[in-house]
2 protein chains.
Amino acid sequence: MEQKRQRMTHQRSVILEEVQRCQDHPTADEVYERVRKRLPRISMGTVYRNLDVLVSSGLIRKLGPDFPQMRFDGDTRDHYHMTCIGCGCVEDMGIPPQDDTVSQLETALGKLTKHGVFGHRLEFFGLCPDCREKKGYLLEEVQEIPSSEEEQEHGAEGE
Amino acid sequence: MEQKRQRMTHQRSVILEEVQRCQDHPTADEVYERVRKRLPRISMGTVYRNLDVLVSSGLIRKLGPDFPQMRFDGDTRDHYHMTCIGCGCVEDMGIPPQDDTVSQLETALGKLTKHGVFGHRLEFFGLCPDCREKKGYLLEEVQEIPSSEEEQEHGAEGE
DNA sequence: CTGTTATCAGGAATGGTTACTAATAATACA
DNA sequence: TGTATTATTAGTAACCATTCCTGATAACAG
Ligand SMILES: [Mn+2]
Ligand SMILES: [Mn+2]
Ligand SMILES: [Zn+2]
Ligand SMILES: [Zn+2]
C-alpha cells in the first residue's frame, strides 16, 4: 500500500493559493467561486478532491462538522460528550468535568465576551469501549479517518 | 406573532419516549427506526418535524453540526475559532487562548486518556464585528437560531 | 359534538458532498 | 527532448441528510 505520489497540477496550486491568500475560512463553494475567476472551466469535484488532498498533506486545514448527522439527547442536563472516531457513536463522558478547569475557561470567556464571544463548546474525541476492544485499531486506522478531526484544531493533543 | 399552541399527538409522544428511553444519542434515522416499531406508518418528515419541536420546547437536546458545511483554513498553526451565530462566518479569535486555562484543560484530558479520550475540540460562538454592528440583533433573532447551539452543550454560558 | 387548524403520511425537492468515466496532462526516464 | 505511464481533470450522475409541499387526518377549544 504505497501511496501513489501526487502531481502538482495547475488547478491544485491555484486552489492552494486561494485558500492561503485571505485569512478567512471559506467553504468549498466559496473556494470554487474564487478559483473559477482564474480557472473558469474548473469543476466542483476538482475543488473538493484537491481540498482533501491539500488537507491530508498538511498544507491547509479542514474545519467543519466531524460527522454530518445531527444527534438527539433525551438528557437535557449539562454534560460532556465523547465522539468515537472508530464508529462515530456519541457517549456521555463517564467522568464529570473538572469544575475548576471549566470555571477557569468561563472566566477567560468572560473576558472575551466584550469581543463578541458569548458561548463555547467543548467536545471530546476518543474510542468507545467497543472500539477499544478491537485492539490495533489505534495503530491502524486512527491515522486515516481523522485527518480532519484528530490533530485538526488548536488544543488537540496526541497521546 | 403569537406562537400557535401545539398539540400532543400520539406520534410526538412516542418520539419523545423513544429519545428519552435509552441514554444514547440517536440520529434522526435511528429515532425513526425505533419509532417505526411502534408506529409502522410514521414518516421521516414527521420524525424530523417533531424532533425540532421537542428541541425548541426544551424536552430534548440536539447535538450536532451547528453548520453543515465544511470550511478550510490556509493557516495551519494552532488557533481558536469563533463561529458567528448571526451570519455563520468563522473568524480567528483575535485574543490568544489563556495558556494556563488550556494547559489545565489538557492536564484534565490526560487523566481522561486512559478512559479512551485522546482529543478534544474547543470552539467559540459569538457575533462577528459586522453582525455586532447591526444592533438589536442580540435581542431579536439570537434566541431563535441557536436553540441548538447557544445553550446546548455543557459549559455554554450566557452573558 | 363540531369546527378550526395543527399535524400527519407520502413524496418531491434541496444542499452539500462523493463517485464514476473517458479525456487530459504531469512526470519519470529513455 | 520525446514518449509511456498514470494521476488528475471536467462533466455528470448518484448520494445522503434534511426540508418542503400536498391533500388528508385528528387534536382539542368551545
Ligand atoms: Mn448525552
Ligand atoms: Mn483560522
Ligand atoms: Zn466506537
Ligand atoms: Zn456575523
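Bear in mind the structure is a predicted one, so any value in this text is a computation, not a measurement. As a basis for the values below, the full set of heavy atoms in this structure was taken, side chains included, without hydrogen atoms, waters or symmetry mates. The chains referred to below are lettered A, B, ... by the order of the sequence lines, with proteins before strands, and numbering in each begins at 1.
The pair A/Lys37-A/Glu18 does not count as a salt bridge, with every side-chain nitrogen at least 4.0 angstrom from each carboxylate oxygen. Using a cut-off of 4.0 Å between Lys/Arg side-chain N and Asp/Glu carboxylate O, A/Asp24 and A/Arg34 are scored as salt-bridged. Look at A/Arg77 and A/Asp92 and you find no salt bridge, because none of the NZ, NE, NH1 or NH2 atoms lies under 4.0 Å from a carboxylate O.
In this structure, A/Arg49 places its CZ atom 11 Å from C1' of C/dA19, rounding to the nearest Å. Summarising the geometry, the separation between CZ on B/Arg71 and P on C/dG16 is reported as 11 Å, rounded to the nearest angstrom. The separation between B/Arg41 atom CZ and D/dA24 atom C1' is 12 Å, rounded to whole Å. Note: CZ (A/Phe72) to C1' (D/dA17) measures 11 Å, nearest angstrom. Going from atom CD1 of A/Ile42 over to atom C1' of D/dG11 covers 13 Å, rounded to whole Å. At whole-Å resolution of the value, CZ in A/Arg5 and C1' in C/dA28 are 7 Å apart. When the P atom of D/dA14 is taken as reference, atom CE of A/Met44 falls 19 Å away, rounded to whole Å. Rounded to an integer number of Å, the gap from CE of A/Met70 to P of C/dG16 is 15 Å.
Less than 4.0 Å separates DNA chain D from at least one heavy atom of each of the following residues of residues 7-38 of chain A: A/Arg7, A/Thr9, A/Gln11, A/Arg12.
The nearest heavy atom of DNA chain C to A/Asp52 and to B/Ser43 marks one nucleotide each, and the one closer to the 5' end goes with B/Ser43. Nearest-nucleotide mapping onto DNA chain D: of A/Gln6 and B/Tyr48, the residue sitting toward the 5' end is A/Gln6.
Under the 4.5 Å side-chain criterion, counting only non-hydrogen atoms from C-beta, A/Phe125 is in contact with A/Asp66. Between B/Leu54 and B/Val19 there is no side-chain heavy-atom pair separated by less than 4.5 Å.
Considering only residues two or more places apart in sequence or on other chains, B/Phe124 meets the ring pair (Phe, Tyr, Trp, His ring centres under 6.0 Å) condition with B/Tyr80.
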